[in-house]
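For reference, the structure is listed below as structure tokens.
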Amino acid sequence: MTRALTSDPVAIDVLRRAAVSRGGLLTDEMRRRVWPKLLSINVFNLPPKPGKAIRENHKDYNQVLMDVRRSLQRFPKGMREEQCQVLQEQLIDTILYILKGHPELHYYQGYHDIAVTLLLVVGERMGIAMLEKLSAHHLRDFMDPTMDSTKHILNYLMPILKRESPRLHDFMCRAEVGTVFALSWLITWYGHVLSNFQHILRLYDFFLASHPLMAIYFAAVIVLHREQEVLDCDCDMASVHHLLSRIPQDLPYETLISQADELFQHHPPYDLAKQAALQYRKSITITTFQDFQRATLDQRPDSILRQRLHNDSEAASVLPVMGNNGLVKMAVWGLSATLGAAALAVAQTALEWTPEFLFQLF
């Protein structure tokens, strides 16, 4: 993968195949290098850390606050209370930063589950950049003012089941179970329903490298994997919904990922759109995906982006300073020294936790 990351342009197809293949990206260190490339993010041009003003008079603040306060089970076991508090504050600010910058996006419960996964792996500034890109593409339909687009995406599930197992499909239709049992799977990328964080990360590798509808194909393979359990239960909505809404934690994830990828190849979204009753061309998530994918093909490797940043900095440093340049320099030096000392103190504390937590600070 290192060769793919350093080639010019970046070998994005190689990175996608690695993320989908057995085991995925394997380590958080590799994820921090590959995930931004999968979303065409320049790691040397990240959003700033949000300021306190981001929370002022924000219409979603109270709802976001309540959801974040309930998200403690998503944090790594053993994280100290003060570290949890820091992460919760970052999570609130990250979400509000995206919503304030994009008033066309509407917050939904479950959005914070995706945000916290990103923060835990890549840190605050990169997490903001990734969440912003996902919100404009993969998650866009979930962020409409109504649930209509989300319901339409859920409608893909039954046509896939019908093609793969008519018997299972007919049973579920007779039970009138619908697809709402898979709603939280879809809109949180399974982050809300899986207890093992490594399983969640493995799925994020897969989804970040795939079509935005891959999460619904993965839902289909879970249901197909449990086909006999479904057929053995009472054929009524309550029984089937109760069974399916609880995902077993010991699923064969690598097998299911491979099967979902195969299902996508055999039954691509455009083949299912009519059966899914989806207004295909009105889905922002689907219609923008090809342009999004094309944009990832022309990325420069980090070595060149770093050199560009260095060159830009050198060019800026030789510009003439007008006016009271001595006072300006003294003010900047004093500010730098103050911030440097503060940053060092925080970093020393963070090192007691993990490199991942330190990564969130910068």
Side-chain angles (χ1 to χ4, degrees), residues 28 31-32 35-36 39-72 74-76 79-140 142-143 187-189 191 204 208 305 309 332 335-336 338-350 353-362:
D28 286 356
R31 289 184 176 103
R32 284 192 286 272
W35 280 7
L39 296 179
S40 192
I41 292 171
N42 182 347
V43 299
F44 298 104
N45 185 26
L46 298 178
K49 292 170 70 72
K52 293 181 179 179
I54 201 72
R55 302 187 182 195
E56 294 178 2
N57 302 317
H58 199 292
K59 64 182 179 65
D60 294 307
Y61 173 71
N62 290 330
Q63 184 61 58
V64 172
L65 179 65
M66 286 191 293
D67 289 345
V68 169
R69 293 291 180 253
R70 291 194 294 257
S71 67
L72 282 174
R74 292 293 317 280
F75 295 179
M79 181 180 274
R80 297 200 303 268
E81 182 179 354
E82 61 268 26
Q83 293 163 338
C84 289
Q85 291 174 352
V86 169
L87 186 57
Q88 284 186 317
E89 296 305 310
Q90 289 182 341
L91 184 54
I92 293 169
D93 290 343
T94 293
I95 293 171
L96 296 180
Y97 180 92
I98 303 297
L99 296 175
K100 190 166 186 176
H102 300 273
E104 74 279 8
L105 301 178
H106 298 264
Y107 178 74
Y108 65 88
Q109 288 182 282
Y111 188 66
H112 69 289
D113 284 294
I114 292 179
V116 72
T117 302
L118 300 178
L119 282 177
L120 285 168
V121 177
V122 303
E124 186 175 19
R125 292 181 64 198
M126 179 62 75
I128 290 172
M130 289 188 63
L131 189 63
E132 188 169 32
K133 188 64 72 79
L134 287 172
S135 300
H137 295 282
H138 294 64
L139 310 177
R140 180 60 183 82
F142 309 149
M143 306 191 77
I187 64 176
T188 69
W189 276 9
Y204 274 54
L208 286 168
L305 295 176
L309 182 66
V332 171
L335 182 61
S336 298
T338 303
L339 290 178
L344 181 60
V346 175
Q348 289 286 67
T349 302
W353 178 241
T354 60
E356 286 82 357
F357 190 78
L358 178 61
F359 192 86
Q360 297 175 50
L361 301 174
F362 303 101

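Remark: the backbone N or O of D93 is not paired with any side-chain donor or acceptor of R55 at under 3.5 angstrom. Using modelled atom types, no side-chain atom of K49 and backbone atom of E124 make a donor-acceptor pair closer than 3.5 Å. The closest donor-acceptor contact from the side chain of H102 to the backbone of E104 lies at 3.5 Å or more, if one exists at all. Without hydrogens or angle criteria, Y108 side chain to I187 main chain gives a donor-acceptor distance under 3.5 Å.
Taking 4.5 Å as the limit, every side-chain heavy atom of Y204 sits out of range of all side-chain heavy atoms of V121. Annotation: side chain of L139 is not in contact with side chain of L105 (no heavy-atom distance under 4.5 Å). The side-chain heavy atoms of W189 and T117, taken from C-beta on, include no pair separated by under 4.5 Å. A 4.5 Å side-chain heavy-atom check between Q83 and F75 finds every atom pair outside the cut-off. L131 places a side-chain heavy atom less than 4.5 Å from the side chain of Y111. The shortest distance between side-chain heavy atoms of I41 and W35 does not fall below 4.5 Å. L96 places none of its side-chain heavy atoms less than 4.5 Å from the side chain of P50. A 4.5 Å side-chain heavy-atom check between H112 and V64 finds every atom pair outside the cut-off.
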Audit row: L39, H137, side-chain contact (heavy atoms from CB on, under 4.5 Å) steps and yes/no: CA-CA 10 Å; L39 296 179; H137 295 282; over 6 Å; no
Worked check of side-chain contact (heavy atoms from CB on, under 4.5 Å) between L134 and L208: CA-CA 9 Å; L134 287 172; L208 286 168; 3.8 Å; yes
side-chain contact (heavy atoms from CB on, under 4.5 Å) assessment of M126 paired with V43: CA-CA 7 Å; M126 179 62 75; V43 299; 3.3 Å; yes
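A salt bridge is absent between R140 and E132; no separation between the charged side-chain nitrogens and carboxylate oxygens falls under 4.0 Å.
Atoms CG and CD1, from L87 and I92 in turn, are 10.0 Å apart once rounded to the nearest 0.5 Å. Taken to the nearest 0.5 Å, the CE atom of M130 stands 12.5 Å off from the CD1 atom of I128. Interatomic distance, CE of M79 versus CG of L72, reported as 10.5 Å (0.5 Å rounding). From I95, atom CD1 reaches atom NE2 of H58 across 10.0 Å, with rounding to the nearest 0.5 Å. Once rounded to the nearest 0.5 Å, the distance linking CG of L120 with CD of Q90 reads 9.5 Å.
Closest approach of L46 to N42, counting heavy atoms only: CD2-O, 3.7 Å. Considering all non-hydrogen atoms of both residues, V68 and Q88 come closest at O-NE2, 3.2 Å. Closest approach of R125 to P47, counting heavy atoms only: NE-O, 2.8 Å. Minimum interatomic distance between L91 and A115 (heavy atoms only, all atoms of both residues): CD1-CB, 3.4 Å. Here the shortest heavy-atom pairing between S135 and I98 reads OG-CG2, 4.0 Å.
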